[in-house]
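Order of the sequence lines fixes the chain letters, A, B, ..., with proteins taken first and strands second; residue numbering starts at 1 for each chain.
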Amino acid sequence: GAGVSQSPSNKVTEKGKDVELRCDPISGHTALYWYRQRLGQGLEFLIYFQGNSAPDKSGLPSDRFSAERTGESVSTLTIQRTQQEDSAVYLCASSRDGGNNEQFFGPGTRLTVL
Amino acid sequence: AQSVSQHNHHVILSEAASLELGCNYSYGGTVNLFWYVQYPGQHLQLLLKYFSGDPLVKGIKGFEAEFIKSKFSFNLRKPSVQWSDTAEYFCAVNAYAGNNRKLIWGLGTSLAVNP
């Protein structure tokens with residue numbers, strides 16, 4: 001069956017530009033997570049969507065970062081006025097619910113800000 | 001604040017050596033515990049998990065982990081590593097904190113197995 005997909009796989013942008021990253025979760029998964037993984041570091045939680053509940057945005061590093069999810073489908077992570085420190089791999093994961101279930105990860109989007 | 005600590009950041013072993021990667025968490029309530037693995041160029045994937053019951057859990061590829069509640073630990077072990085175990089290993093904890101059940105992740109341990 002289809003796993004979590006993310007697009008684009010790679011994105012190179014200039015400092016100051018806006019970027020939009022997309023995540024298609026596994027069908028039927030109500031929970032969706034965005035993480036950032038900088039080179040040589042662990043996963044940094046960004047935001048969590050669970051069904052129709054208000055998202056947990058506690059991990060967003062600044063107001064330049066925002067994310068949306070319509071229902072239980074696609075999510076987009078937007079970074080405005082990108083900075084070089086935003087360069088990282090952005091990972092999306094989904095799970096059947098926000099509880100004990102395994103998170104299934106997408107391949108990530110590698111963002112490079114020049 | 002809840003946190004997960006992985007003590008070994010980089011581990012280098014020879015094939016057939018035994019492996020133990022440490023993971024400690026700070027949360028006094030009920031927890032679910034996970035080890036994820038990321039092989040070079042691949043997605044993160046679940047290695048094993050503990051929810052309840054037998055504190056010694058077995059995962060894929062011969063890995064196992066033991067939950068020791070009194071030590072707040074969930075160490076990962078494998079008796080004899082192979083070159084193909086070269087990967088990044090992440091410990092994660094799902095703490096029951098209201099409705100917020102996101103995982104809290106350790107920083108990861110990079111394992112290199114020399115043939």
Can you tell me if [X] has over 12 outside heavy atoms packed within less than 6.0 Å of its [atom1]?
| X | atom1 | answer |
| --- | --- | --- |
| A/L39 | CG | no |
| B/I12 | CD1 | no |
| A/E14 | CD | no |
| A/Q83 | CD | yes |
| B/D54 | CG | yes |

field: Region of A/E44 in contact with chain B, defined by heavy-atom distances below 4.5 Å
entry: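 For A/E44, neither part sits under 4.5 Å from chain B.
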field: chain B contact via A/F104 - side chain, backbone, both or neither, heavy atoms under 4.5 Å
entry: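 Neither; nothing under 4.5 Å.
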message: Taking the ring of B/W105 and the ring of A/F105, is the distance between their centroids below 6.0 Å?
response: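 For A/F105 and B/W105, the ring centres are under 6.0 Å apart.
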- prompt: Linking I/L/V/M/F/W/Y whenever their side-chain heavy atoms sit closer than 4.5 Å, directly or via other members, would A/V4 and A/I47 fall into one cluster?
  reply: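 No, because A/V4 and A/I47 fall into different hydrophobic clusters, even though each may have its own neighbours under 4.5 Å.
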message: Check for me, please, whether B/F74 and B/F63 land in the same ILVMFWY cluster - side-chain distances under 4.5 Å, paths through other members count.
response: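 Yes, it is one cluster - the side chains of B/F74 and B/F63 are joined through contacts under 4.5 Å.
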For the atom pair [atom1] ([X]) and [atom2] ([Y]), what is the distance rounded to the nearest 0.5 Å?
| X | Y | atom1 | atom2 | answer |
| --- | --- | --- | --- | --- |
| B/L46 | A/S95 | CG | OG | 11.5 Å |
| B/Q45 | A/Q103 | CD | CD | 14.5 Å |
| A/E102 | B/N32 | CD | CG | 13.0 Å |
| A/L91 | B/Q38 | CG | CD | 6.5 Å |

- prompt: Could you go step by step and tell me if B/L107 and A/L43 meet the side-chain contact (heavy atoms from CB on, under 4.5 Å) rule?
  reply: CA-CA 7 Å; B/L107 293 180; A/L43 274 70; over 6 Å; no
task: Could you tell me whether the side chain of B/L103 reaches within less than 4.5 Å of the side chain of A/Y35, counting heavy atoms only?
output: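 A side-chain contact exists here, since the closest heavy-atom pair is under 4.5 Å.
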query: Which heavy atom of A/P107 sits nearest a heavy atom of B/H43, and at what distance?
result: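 Shortest heavy-atom separation between A/P107 and B/H43 comes out as CB-NE2, 3.3 Å.
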